[in-house]
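Worksheet: one structure, shown below.
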Amino acid sequence: MKSSLKQWAAPASVSAAVILLVTIFLGGCSSPPEKILVTGKVLINDKEADGAYVLLYNEGQETEVAAASARTINDGSFKLEVATPGNYLVTLMWPKKVMDDGALIEGDDRFQGRYRNPQKPVAKIEIHEGENSLEPFTLKAR
């Protein structure tokens with residue numbers, strides 16, 4: 001009888017340890033917050049801007065690092081995700097396309113930094129939970 005109890009005791013303690021570890025692991029892990037989708041369009045001189053960068057900065061936070069960014073596609077549209085709802089400052093840059101040894105690379109900003117400063121944003125927007133579709137950003141290139 002004693003030998004059969006020992007056979008059951010060892011697996012029970014191992015099982016308890018496994019259950020404890022799984023509980024600790026699952027209890028300590030929470031799923032990351034869901035990102036908030038933001039879509040929009042960039043028009044430059046009333047034309048769709050391909051390859052422009054849209055950068056969002058958290059309003060009121062002194063940082064040079066954008067909270068989110070996206071590059072427009074050929075129809076001027078973009079999609080990006082932010083971590084939290086709130087007020088954001090929008091800046092833009094539009095690099096020239098330059099050929100370098102047969103490779104297409106991005107060159108200087110066509111706006112010469114005019115729309116790139118978060119201290120003088122192109123727009124201030126408010127992002128809410130769920131999907132956010134922004135009005136087009138319409139700019140003039142000189």
Side-chain angles (χ1 to χ4, degrees), residues 3-142:
S3 63
S4 65
L5 284 176
K6 287 182 183 178
Q7 290 173 350
W8 286 99
S13 64
V14 171
S15 296
V18 169
I19 291 171
L20 178 63
L21 287 174
V22 168
T23 303
I24 291 170
F25 178 74
L26 292 178
C29 294
S30 60
S31 59
E34 198 166 310
K35 298 282 185 170
I36 300 169
L37 179 64
V38 179
T39 60
K41 194 169 210 169
V42 177
L43 302 173
I44 300 172
N45 297 333
D46 298 321
K47 295 182 182 173
E48 298 159 335
D50 180 19
Y53 286 91
V54 178
L55 300 103
L56 301 185
Y57 296 85
N58 291 317
E59 186 175 29
Q61 292 185 4
E62 298 292 326
T63 180
E64 293 183 17
V65 178
S69 65
R71 186 173 186 257
T72 61
I73 58 175
N74 60 351
D75 68 353
S77 66
F78 65 89
K79 290 182 186 179
L80 56 81
E81 293 179 330
V82 296
T84 59
N87 295 319
Y88 289 86
L89 307 173
V90 180
T91 67
L92 291 155
M93 62 180 270
W94 192 27
K96 294 177 184 175
K97 294 179 182 177
V98 179
M99 292 298 289
D100 184 22
D101 289 330
L104 185 64
I105 60 169
E106 293 181 341
D108 294 334
D109 181 9
R110 297 177 203 197
F111 300 133
Q112 300 172 356
R114 191 168 54 247
Y115 301 122
R116 183 68 178 88
N117 185 351
Q119 303 301 319
K120 298 176 185 175
V122 170
K124 293 181 181 183
I125 59 172
E126 186 174 352
I127 302 297
H128 304 280
E129 292 285 341
E131 292 186 22
N132 293 263
S133 180
L134 305 175
E135 293 292 321
F137 297 111
T138 305
L139 303 170
K140 299 289 181 194
R142 294 181 192 167

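We use all heavy atoms of the structure for the numbers below, so side chains are in, but hydrogens, waters and symmetry mates are not.
- Looking at Leu139 and Tyr115, their side chains come closer than 4.5 Å, going by heavy atoms from C-beta outward.
- Remark: Ile125 CD1 to Glu59 CD distance equals 10.5 Å, nearest 0.5 Å.
- What you find for Val98 and Gly107 is that their closest heavy atoms are CG2-CA, 3.9 Å.
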- Start with the C-alpha gap between Glu81 and Ile36, add the side-chain angles, then the distance that decides, and say whether side chain to side chain contact (heavy atoms under 4.5 Å, CB included) holds. CA-CA 5 Å; Glu81 293 179 330; Ile36 300 169; over 6 Å; no
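- In the displayed structure, Glu131 atom CD is contacted under 6.0 Å by at most 12 heavy atoms of other residues, nucleotides or ligands.
- Closest heavy-atom contact between Asn74 and Asp50: N-OD1, 3.4 Å.
- In terms of heavy atoms, Ala123 sits closest to Phe137 at CB-CE2, 3.7 Å.
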- Task: Take Glu106 and Arg71 through the salt bridge (Lys or Arg N to Asp or Glu O under 4.0 Å) test and state the conclusion after the steps.
- Result: CA-CA 12 Å; Glu106 293 181 341; Arg71 186 173 186 257; 3.2 Å; yes
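- A distance-only check finds a donor-acceptor pair linking the side chain of Thr72 to the backbone of Ala52 [under 3.5 Å].
- Taking the side chain as every heavy atom from C-beta outward, Lys97 and Arg110 approach each other to under 4.5 Å.
- Taking the side chain as every heavy atom from C-beta outward, Leu37 and Asn132 never approach each other to under 4.5 Å.
- Closest approach of Leu80 and Ala68 over heavy atoms only: CD1-CB, 4.0 Å.
- Under the 3.5 Å distance criterion, the side-chain polar atoms of Asn45 are left unmatched by any main-chain donor or acceptor of Lys47.
- No donor-acceptor pair closer than 3.5 Å links the side chain of Asp109 to the backbone N or O of Pro95.
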- Item | Full working for side chain to side chain contact (heavy atoms under 4.5 Å, CB included) between Arg116 and Leu55 | CA-CA 8 Å; Arg116 183 68 178 88; Leu55 300 103; 3.8 Å; yes
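- No more than 12 heavy atoms of other residues, nucleotides or ligands shown are found within 6.0 angstrom of CG on Asp108.
- The shortest distance between side-chain heavy atoms of Leu134 and Thr39 does not fall below 4.5 Å.
- Interatomic distance, Lys35 NZ to Thr84 OG1, rounded to the nearest 0.5 Å: 9.0 Å.
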- Message: If you apply the rule salt bridge (Lys or Arg N to Asp or Glu O under 4.0 Å), what do you find for Glu48 with Lys41, and how did you get there?
- Response: CA-CA 8 Å; Glu48 298 159 335; Lys41 194 169 210 169; 3.3 Å; yes
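- Rounding to the nearest 0.5 Å places CG of Leu89 at 6.5 Å from NZ of Lys124.
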- When you look at Asp46 and Thr138, which way does the side chain to side chain contact (heavy atoms under 4.5 Å, CB included) test go after all the steps? CA-CA 7 Å; Asp46 298 321; Thr138 305; 4.0 Å; yes
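- In this structure the side chain of Glu129 reaches within 4.5 angstrom of the side chain of Pro85, judged on heavy atoms.
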- Message: Does Val42 form a side chain to side chain contact (heavy atoms under 4.5 Å, CB included) with Phe78? I'd like the steps, not just the answer.
- Response: CA-CA 8 Å; Val42 177; Phe78 65 89; 4.3 Å; yes
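- Within the 4.5 Å cutoff, side-chain heavy atoms of Trp94 are placed close to those of Ile44.
- How far OH of Tyr88 is from CD1 of Ile127: 7.0 Å, rounded to the nearest 0.5 Å.
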